[in-house]
Amino acid sequence: MNNCLFCSEEFPYPFQIIQSHFQYRILIHDINPMCDFHCLLVLKEHHHWIDDNSIDKKAIDELWEALHVSTKVIRDSSKEIKTVQILSLNSWEESKHLHFHLIPIQEYPTKINDRSISWSWITSLAMNEITIDCLNDYLIKRCWIKWADQIKEDINNHTIQRVKDNIEILNNFMSNHGRI
C-alpha cells in the first residue's frame, strides 16, 4: 500500500527484528517503546482488520500461535512483568495494517500525598505520550535549537540501544527455552 508504514521498504529497521522468518507475520521491538520489551506482532500482508475474509486461515493460525508464545516469552523475560497487554491499534491512517502491540505490564508504585498507588497500563500509556510531547516542547522553548536537537538525538540513540539490548535478551530467552 502506498502510505502504509508497515508496507514501506524502510519497515522495520533491521535492529528491531526479533523474528521475521515466518511466512505470515513478523515480531519486532517497538521503535518508540512505552517500556522495555514493548513489541509489535505485524501481519506481513496488508489487511486492516482481523475479520477480513481475504486473510489466509494459515495466517490467522500462525498469528494466534505467535501471540500466545510471544506474550509468554515477554512475560517470562523479566521478573517485574506481571502480564502482557495485547492491543490492536489499527485505527489511525498511518497504522491501518493489522498489527498488535504486546505491552508488558508492571506494578509502578508511586507516592502521591504519602499514599502509595499503582498506575494502570492505560494511565502509563497516556503519561508516556504526554511526557514525550511536553519534553519536545520544553526542549525547543528552553534550549537553543542546536542543543534541543542534540538532546533529542541523544535520547533517540539511547532508545535504539535499549531496544537492541531488549531484543538480545528476548532472543537469548527464546533460544534457551526452545521457544523459537
Side-chain angles (χ1 to χ4, degrees), residues 5-6 8 10-45 47 50 58-92 94-95 97-111 116-132 135 152-180:
L5 167 73
F6 298 108
S8 74
E10 292 83 34
F11 178 84
Y13 294 119
F15 69 85
Q16 287 181 271
I17 297 171
I18 299 170
Q19 291 181 331
S20 65
H21 59 277
F22 289 90
Q23 184 174 355
Y24 299 104
R25 53 89 181 171
I26 185 170
L27 179 65
I28 64 169
H29 198 288
D30 195 297
I31 189 68
N32 293 307
M34 273 185 51
C35 55
D36 285 335
F37 309 111
H38 174 180
C39 296
L40 296 176
L41 187 61
V42 182
L43 197 63
K44 287 183 179 179
E45 291 182 359
H47 295 281
I50 195 73
K58 291 177 185 174
I60 298 294
D61 293 344
E62 186 177 286
L63 196 61
W64 290 133
E65 178 65 21
L67 280 169
H68 177 73
V69 171
S70 300
T71 55
K72 281 183 173 182
V73 168
I74 293 168
R75 185 196 63 219
D76 294 346
S77 65
S78 172
K79 291 180 182 181
E80 288 90 34
I81 297 173
K82 304 295 181 210
T83 189
V84 177
Q85 184 72 40
I86 301 171
L87 298 170
S88 179
L89 304 170
N90 302 328
S91 47
W92 291 279
E94 300 83 27
S95 66
H97 183 119
L98 186 59
H99 70 285
F100 296 91
H101 288 260
L102 308 176
I103 303 173
I105 306 303
Q106 302 177 16
E107 293 293 325
Y108 295 104
T110 305
K111 294 264 185 177
S116 182
I117 63 169
S118 293
W119 295 103
S120 69
W121 66 268
I122 196 72
T123 305
S124 297
L125 175 63
M127 289 174 61
N128 187 54
E129 292 293 323
I130 291 167
T131 302
I132 291 170
L135 177 62
K152 289 192 293 187
E153 183 179 335
D154 289 347
I155 291 169
N156 186 51
N157 289 339
H158 177 76
T159 301
I160 289 171
Q161 186 57 51
R162 188 90 180 228
V163 166
K164 289 177 180 179
D165 293 345
N166 288 342
I167 289 170
E168 184 176 335
I169 291 167
L170 289 170
N171 282 331
N172 287 339
F173 190 85
M174 283 191 266
S175 297
N176 292 336
H177 291 81
R179 292 181 171 172
I180 294 179

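As the structure is a prediction and not an experimental result, all values here were calculated from the model.
Tested against Phe100 for a side-chain contact (heavy atoms from CB on, under 4.5 Å), the candidates Leu63, Leu87, Val42 yield a single pass: Leu63.
The minimum heavy-atom distance between Phe22 and Glu62, with the atom names listed, is CB-OE2, 3.3 Å. Lys44 and Gln23 get closest at one heavy-atom pair: CD-O, 3.5 Å. Scanning all heavy atoms of the two residues, the minimum distance from Ile103 to Cys35 falls at CG2-SG, 4.2 Å. The two residues Arg75 and Lys82 come nearest to each other via the heavy atoms CD-O, 4.0 Å. Here the closest heavy-atom approach between residue Ile167 and residue Phe15 is recorded as CD1-O, 2.8 Å.
Atoms OH and CG, on Tyr24 and Asp61 in that order, are 9.5 Å from each other to the nearest 0.5 Å. Interatomic distance, Leu27 CG to Gln19 CD, rounded to the nearest 0.5 Å: 5.5 Å. For the atom pair Asp36 CG and Arg162 CZ, the distance stands at 4.0 Å (nearest 0.5 Å).
Side-chain contact between Ile74 and Leu170: present, with at least one pair of heavy atoms (C-beta onward) separated by less than 4.5 Å. Contact of the Phe37 side chain with the Val84 side chain is not registered, since no non-hydrogen atoms from C-beta on lie closer than 4.5 Å. Side-chain contact between Leu40 and Leu102 is absent, with no heavy-atom pair separated by less than 4.5 Å. Side-chain atoms of Val163 and Pro33, non-hydrogen and from C-beta on, do get closer than 4.5 Å to each other.
Side-chain N or O atoms of Thr71 include one that pairs as donor or acceptor with a backbone N or O of His68 at under 3.5 Å. A donor-acceptor pair under 3.5 Å is absent between the side-chain atoms of Gln85 and the main chain of Ile105, judged by distance alone. Between the side chain of His101 and the backbone N or O of Cys39 there is no donor-acceptor pair closer than 3.5 Å.
In Glu45, the CD atom is not crowded: 12 or fewer heavy atoms of neighbouring residues, nucleotides or ligands sit closer than 6.0 Å.
The salt bridge (charged side-chain N to carboxylate O under 4.0 Å, His left out) search around Asp30 returns none, not counting sequence neighbours. Scored by the side chain to side chain donor-acceptor pair (under 3.5 Å) test, His158 finds no partners at all (sequence neighbours excluded).
Ring geometry for His97 versus Phe6: interplanar angle of 30 to 60°, hence tilted.
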